[in-house]
J.: 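Before we start, here is the structure in question, set down as structure tokens.
Here the structure is a predicted model, which means the values were calculated and not measured. Order of the sequence lines fixes the chain letters, A, B, ..., with proteins taken first and strands second; residue numbering starts at 1 for each chain. Hydrogens, waters and symmetry mates play no part in the numbers below; they use all other heavy atoms, side chains included.
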Amino acid sequence: MGESGVSRDIVQEKVIDALQDALQQAKRRGQLKIEALPSVTLDQPKRPEWGDFANTVAMTLASSEQRAPHDVAQIILENMAQREAIFDRVEIARPGFLNMTVKRDLWLQVLSEIEAQGEAYGRADLGKGRRVLIEYVSANPTGPLHVGHGRGAAVGQAMARLLAAVGFDVVQEYYVNDAGRQMKLLGTSVYARYLEQNGRAATFPEEGYHGAYIAAVAAHVQERVGTTLLDAPPEQAEQRCRDLAQEELLGLIRKDLQAFGIEFDAWFSEASLMSSGAVRQVLDDLTQRGLLFEQDGALWFRSSSFGDEKDRVVRKQEGDYTYLASDIAYHRDKLMRGYDLLIDVWGADHHGYIPRMEAVVQAFGYPKDRLRVVLVQMVSLMRAGQKVEMSKRAGEFITLREVVDEVGADAAKFFFLMRRSDTHLDFDLDLAKQRSADNPVYYVQYAHARIASLYRVAEARGIRVPKPSEADLSLLTDADEFGLIRKLAAYPSVVRASAEALEPHRLTFYLQELAGLLHTFYYKHRIMPPAVEAEAPDGQGFVTDAAALSVRQREEMTPGLTAARLALMREVQQVLRNGLALLGLSAPDRM
RNA sequence: GCGCCUGUAGCUCAGCGGAUAGAGCACUAGCCUCCGGAGCUAGGGGCCACAGGUUCAAAUCCUGUCAGGCGCACCA
């Protein structure tokens, strides 16, 4: 993404300023006792009659002011100097809510703001250029990616884009676990299949990889080295199988990710930490600081000194390093590279490791919140209402690639991002493929395509699609139009909250809501005048819903109104496009 | 046994201190001669697991109980 441009919540800012000024003035006049100005936040009232924004400071202040909430609200209200300039209405409701209705002119400015910001609408500078490294997927190169990895990929990418949008300098990294026991098992598994393929006796390792793809890998090994490994010393042959298998599987992972539309900035090899001596170095460093100790022939990390429930082994009795040793080295490396924040996206079954990684971060003298771990829960694939059974041990699982091939990358990503990442997800394959309003992906993308289609019709009829600055927006007066505008105005704060909480699903929900408003608007209102020859005598067409019908009959489509609505549509489309981009989805003009 | 997460409409889930708790699906009843029906309208449906507490205000915070998931390796 990059580029400059930071958009503002022009409406919210003005409302908050008005409230803060009122508090300030009330304090100056001695009407309120408060010392520090309380932070002012805006709530969305649940009912439209309550206005555009609600504020609750009066109620929070009531007890310290020793006054009734209503009185405090009254004082704030009286001190709102620019009330007329910003609000149509400010009312006090029951306990002590301040309900505010913003002037239409102000709302309309939102459209010009989006026009001016374009693709940058929604960006912020929360990050202030701070550097973040987000590590995700990081699956062992021992087999193809499965759907769980896919969810991690979608979440990781969306978070990376969200953080970049709010002003962080983001690097996306894949940590390749290309060392250790799992890789060894991969080697012996492939070697065993290789031997079998050549009619030799082979004992397949009990804990090895049983998937059918292993045989395919073994066949590829044979294509490359022929039968030369048959008579090589087993250990050497295994090693060779392992290297070739890893190369192939990592290549496969890269391809699968590419097909899914995920791209990493860096691939970091665990094995490189071993060969460079980085692991040994970090352990020496920790030893010097008294954070490692030997016991029972093993080497332990004193993680319990940093909040972990017990100490952890970093080098086993037999002398091998545990995965923790390389994880320490890896995280140390990331910290040394100068990132202000490390984000790790993990499968939720690894949640027990959080305290120990936080201990690692602290052992190197960094605050523990330098690391944020995002957990991604399991995905159950559903087909025909039934759960698709998978068994990883038996090598029977649906790969990410199969899902992407079946439902498409956009649908897969959207589904992965529909729920909070740390809750279990039911992924309905049938629904994801469906081309109907029931499928949320199509619902949102269709909103975008529908507007694009509108432009095509406009062009065919010689009607220009104006920018907000070129149209008379004051012709927009309908509640449905303002519903859309209010939603557009909320977009930057949704992006911000979503990024701060590392919860991309909030944006997914927002886009569904915005698309819903668009579809409703589109159905109830005309944007362009009906084509003359097609106009039915009663002017009602297929709209039979009583309320919508009366709206349509009442509305007279003037060229001015058409222009204003086209301008509105333009910015709705812009926000849909911006939001889809942050989730890593396309915004098609035709579907 | 200990720790973490989760219990909200029939189902899948939002909401996580504020006013009569929301959405989608499913269900019921409607809607295609006009800008893409890949869409729209209306309706029923809830002691927000349970019990205490904090608060002017609790689905939301605290404590306990019950239920489910996941962890508790010198495996990754």
J.: Which is more 5' along RNA chain B, the nucleotide nearest A:Asn177 or the one nearest A:Arg312? Just name the residue.
T.: A:Arg312

J.: Nearest to the side chain of A:His505, which nucleotide is it out of B:C13, B:C74, B:A14?
T.: B:A14

J.: With Watson-Crick and G-U wobble geometry limited to distances under 3.5 Å, how should the secondary structure of RNA chain B be encoded in dot-bracket form, using | for bases paired to another strand and [ ] for crossing pairs?
T.: (((((((..((((....[...)))).(((((.......))))).....(((((..]....))))))))))))....

J.: Taking only the P atom of each, what is the distance from B:C62 to B:C11 in whole angstrom?
T.: 27 Å

J.: Any residue in residues 44-51 of chain A with a heavy atom nearer than 4.0 angstrom to RNA chain B? Just list them by number, or reply none.
T.: A:Pro45, A:Lys46, A:Arg47, A:Trp50

J.: Regarding A:Gln182 and A:Thr142, do their side chains bring together a donor and an acceptor under 3.5 Å, going by distance alone?
T.: no

J.: Pick the C1' atom in B:U60 and in B:U6, then give their distance to the nearest Å.
T.: 15 Å

J.: For nucleotides 54-61 of chain B, print each protein N/O atom paired with a nucleotide N/O atom at under 3.5 Å, atom names and distance only.
T.:
none

J.: Counting distance alone, no hydrogens or angles: does the base of B:C70 have a donor or acceptor under 3.5 Å from a partner atom on the side chain of A:His351?
T.: yes

J.: State whether A:Lys334 and A:Glu173 are salt-bridged, where the test is any N-O pair (Lys NZ or Arg NE/NH1/NH2 against Asp/Glu carboxylate O) under 4.0 Å.
T.: no

J.: Which of these nucleotides, B:G71, B:C40, B:G36, is closest to any side-chain atom of A:Val457?
T.: B:G36

J.: Can a side chain N or O of A:Tyr510 be found less than 4.0 Å away from OP1 or OP2 on B:A23?
T.: no

J.: Once you apply a heavy-atom cut-off of 4.0 Å, does A:Asn99 come out as touching a base, just sugar-phosphate, or nothing?
T.: base

J.: By the 4.0 Å heavy-atom rule, please label A:Phe509 as base, sugar-phosphate, or nothing.
T.: sugar-phosphate

J.: Please list residues of residues 321-334 of chain A whose heavy atoms come under 4.0 Å from any atom in RNA chain B, ordered by number; otherwise none.
T.: A:Thr322, A:Tyr323

J.: Look at the side-chain N and O atoms of A:Arg181 and state whether any lies under 4.0 Å from the OP1 or OP2 oxygen of B:C74.
T.: no

J.: Considering residues at least two apart in sequence or located in another chain, which fulfil the ring-ring contact (aromatic ring centres under 6.0 Å, His included) criterion with A:Tyr491?
T.: A:Tyr121, A:Tyr510

J.: Dump every N/O contact between nucleotides 5-7 of chain B and the protein below 3.5 Å, one line per pair.
T.:
residue : atom : partner  : partner atom : Å
B:U6    : OP1  : A:Arg420 : NH2          : 3.2

J.: Based on the glycosidic angle (syn within 90° of 0, else anti), state the conformation of B:C32.
T.: syn

J.: Once you apply a heavy-atom cut-off of 4.0 Å, does A:Ala68 come out as touching a base, just sugar-phosphate, or nothing?
T.: nothing

J.: On a whole-Å scale, what distance lies between the P atoms belonging to B:G46 and B:G10?
T.: 7 Å

J.: Which listed nucleotide (B:C35, B:G18, B:G15) is nearest to the side chain of A:Phe97?
T.: B:G18

J.: Does atom CD (A:Glu500) have a neighbourhood of more than 12 heavy atoms from anything else shown, all under 6.0 Å?
T.: yes

J.: Using whole Å, what does the distance between atom P of nucleotide B:A19 and atom CZ of A:Arg94 come to?
T.: 10 Å

